[in-house]
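Below is one structure, written out as structure tokens; the observations come after it.
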Protein chains: 4
Amino acid sequence: MLFHVDPGNGHPIYDQIARQLKFAVASQAIRAGDLVPSVREMAQHLAVNPNTVARAYRDLQVDGVLEPLRGEGLRVTREAPDRCRLQRRQLLGDRLKAAILECRRGGLSPDEVRDLINHVLAETASSETLP
Amino acid sequence: MLFHVDPGNGHPIYDQIARQLKFAVASQAIRAGDLVPSVREMAQHLAVNPNTVARAYRDLQVDGVLEPLRGEGLRVTREAPDRCRLQRRQLLGDRLKAAILECRRGGLSPDEVRDLINHVLAETASSETLP
Amino acid sequence: MLFHVDPGNGHPIYDQIARQLKFAVASQAIRAGDLVPSVREMAQHLAVNPNTVARAYRDLQVDGVLEPLRGEGLRVTREAPDRCRLQRRQLLGDRLKAAILECRRGGLSPDEVRDLINHVLAETASSETLP
Amino acid sequence: MLFHVDPGNGHPIYDQIARQLKFAVASQAIRAGDLVPSVREMAQHLAVNPNTVARAYRDLQVDGVLEPLRGEGLRVTREAPDRCRLQRRQLLGDRLKAAILECRRGGLSPDEVRDLINHVLAETASSETLP
DNA sequence: GTGGTCTAGACCACG
DNA sequence: GTGGTCTAGACCACC
């Protein structure tokens, strides 16, 4: 499990957890039918309150990514992989789109935007810490 | 003034205002020495609580972008254009970087990230509403 | 045995089992003196954890519906049929009453409640799957 | 405000709150555009923890019944009345249907079910405590 | 003032 | 063991 949570990056922790779990399913790091780590396990792993993990797991149930296995834990649904792949594109695309739109509205020309993106890509490609 | 504020996009309104004003200065839509609209005017224009505008203007004074002109209002400082141009690159770059990093951590390969970016660029380039 | 258990309908599985067994006794589908299926059999039949069936059987013993027959299993008591007929009316009536009361409290007039009931009766009367 | 909550009736408190608020909107006791009581007010009114109310309000936002008015509170959405009227029928109908189906599966004939319903209706019609 | 998040810890139902 | 609910209380951002 290579989950990593950063409090104070502006995004609620439960949201970071839910997103990362979706991405993990999309990447097939977690598969349909798998049991996700128990609330308590995950909470300890992330050094976070169990309630926070529970909230993330609850949201994932609402999204149809997890389903309860009474007394057993929570399981990745059959439909989850497809949904998560779609959502990954959607969620990441939305965030990129918002950033790019703000560039344009901020007065950067399309060329300047491309330059800035390339600059950032170069930065992130190099020695960045990646999970 | 073609400011546009979107409550519920996750970013605080006062921050949206401050950023947009910086960008306007960077783009020379507003110039050093110009008076900015009064808090009341701006608040009415944006259909926003005056306190929110006041907060944005306060932050901009702290950043040295605005300075009070006794009895007249707030004026764009002499140093603002340079500062705003630098900050624009920084602020927008940071947001792009965060989005791109999340793509990578979310399991997308560099190529997939480029594809997604190009897809988004195509979307935004076309008939998007731009200020 | 035409028991049917639905996890995730809000009611605990052991309760569904106990109720259905009581109803079966009330309907004389099971009679005084009959042996009920073993915990293992029933658990396999319902695709349910044996502990869950055991819990239901335990509750039924407390209610005086089942009694142990040393080395043989569990037997329906002599008093069970009468008790179950009474309890059936009570249990089902309670649930109906709760539902109807919520309708009234939810702002439906007595007439609207009757209409809604008739509508539901029509639905359930037709092609519903009944045991 | 005639909300009433009963812990230990099997249904989570936050759910009771959310349902009752939907019903209140359906009955036009609360109207589109109205501000609902603040989390703290409602919590005190119901003698319940504010977090519990917050959870109910959050669920109602997910359902599109409430929307945040930043710094002001939560407002009933424009679409809420229609949605709530539909949902009221759905939610109450589901509960009635479940109760009636259990009667039938429990071995009661259609006539016996009608008799039982009439008996319960007579009970509830009389001196029952209604809000 | 408002709602939102997070933590801490208790209790319960279920399997 | 599992998740779910509820309470209590702190802290924050926003308006």
Side-chain angles (χ1 to χ4, degrees), chain A residues 5 7-8 10-17 35-43 46-58 60-61 66-75, chain B residues 5 7-8 10-17 39 43 46-56 59, chain C residues 5 7-8 10-17 39 43 46-56 58, chain D residues 5 7-8 10-17 35-43 46-58 60-61 66-75:
Chain A
V5 141
H11 301 285
I13 298 178
Y14 67 81
D15 218 25
Q16 299 179 42
I17 298 174
L35 282 176
V36 295
S38 82
V39 168
R40 292 163 175 86
E41 273 179 341
M42 183 66 99
L46 297 177
V48 144
N49 189 291
N51 282 327
T52 307
V53 178
R55 162 97 192 253
Y57 281 2
R58 180 155 38 82
L60 288 163
Q61 289 182 63
L66 298 183
E67 62 188 355
L69 220 59
R70 315 199 26 168
E72 286 258 19
L74 295 169
R75 181 174 57 182
Chain B
V5 144
H11 300 287
I13 297 178
Y14 70 83
D15 211 37
Q16 298 180 43
I17 298 174
V39 167
L46 298 176
V48 145
N49 189 309
N51 286 328
T52 309
V53 178
R55 163 84 189 260
D59 289 357
Chain C
V5 144
H11 300 287
I13 297 178
Y14 69 82
D15 212 37
Q16 299 181 42
I17 297 174
V39 167
L46 298 176
V48 144
N49 189 310
N51 287 328
T52 308
V53 178
R55 163 84 189 261
R58 180 159 52 77
Chain D
V5 141
H11 300 285
I13 297 178
Y14 67 82
D15 218 23
Q16 299 180 41
I17 298 174
L35 281 177
V36 296
S38 83
V39 168
R40 292 162 175 87
E41 273 177 343
M42 182 66 98
L46 298 177
V48 143
N49 189 291
N51 282 327
T52 306
V53 178
R55 163 95 191 253
Y57 282 2
R58 181 155 39 81
L60 288 163
Q61 288 181 63
L66 298 182
E67 63 188 356
L69 220 60
R70 315 197 30 168
E72 285 257 20
L74 295 169
R75 181 173 57 181

Open item on the list: Heavy-atom nearest nucleotide on DNA chain F for A:Ser38 versus D:Pro12: which residue maps closer to 5'?
Closed with: A:Ser38

- [ ] With heavy atoms under 4.0 Å as the rule, sort A:Gln61 into base, sugar-phosphate or nothing.
- [x] sugar-phosphate

Open item on the list: Applying side chain to side chain contact (heavy atoms under 4.5 Å, CB included), can you list everything that pairs with C:Arg55, at least two apart in sequence or on another chain?
Closed with: C:Tyr14, C:Arg58, C:Asp59

Task: Closest heavy-atom pair and its distance - D:Pro68, D:Gln61 - done: CD-OE1, 3.7 Å

- [ ] Measure the spacing between CZ of D:Arg70 and CD1 of B:Ile13 and express it to the nearest 0.5 Å.
- [x] 4.5 Å

- [ ] Under 4.0 Å between any heavy atoms, over every strand shown, what does A:Ile13 touch: base, sugar-phosphate, or nothing? Just pick one.
- [x] sugar-phosphate

TODO: Grab the OH-C1' distance between B:Tyr14 and F:dC12 for me, whole Å please.
DONE: 11 Å

Open item on the list: Please determine whether a side-chain nitrogen or oxygen atom of D:Arg70 lies at a distance below 4.0 Å from atom OP1 or OP2 of F:dC14.
Closed with: no

Task: Bounds of contact between DNA chain E and chain D, in 5' to 3' order, using a heavy-atom cut-off under 4.0 Å - done: E:dG1 to E:dC6

Task: Pairwise 5' ranking along DNA chain E for A:Arg55 and D:Gly71, keeping only the more 5' one - done: D:Gly71

Open item on the list: Reading DNA chain E from 5' onward, which residue's closest nucleotide shows up sooner: A:Asp15 or D:Leu74?
Closed with: D:Leu74

Task: Euclidean distance, D:Leu74 CG relative to D:Glu72 CD, rounded to 0.5 Å - done: 11.0 Å

Open item on the list: Would you say that A:Pro37 contacts A:Tyr57 through its side chain, given a criterion of any heavy-atom pair below 4.5 Å between the two side chains?
Closed with: yes

Task: Heavy-atom pair with the smallest gap, counting every atom of D:Ala54 and D:Val39 - done: N-CG1, 4.2 Å

Open item on the list: Categorize B:Asn49 for me: base, sugar-phosphate, or nothing, with a 4.0 angstrom heavy-atom threshold over every strand shown.
Closed with: sugar-phosphate

Open item on the list: Distance check, rounded to the nearest 0.5 Å: C:Thr52 atom OG1 versus C:Asp15 atom CG?
Closed with: 12.0 Å

- [ ] Check DNA chain E for consecutive Watson-Crick or G-U pairs with both distances under 3.5 Å and list the runs of at least three as stems.
- [x] E:1-14 with F:1-14

TODO: Hey, which sits more toward the 5' end of DNA chain F by its nearest nucleotide, A:Arg40 or D:Gln16?
DONE: A:Arg40

TODO: Could you tell me which non-hydrogen atom of C:Pro50 sits nearest to which non-hydrogen atom of C:Ala43, and how far apart they are?
DONE: CA-CB, 3.6 Å

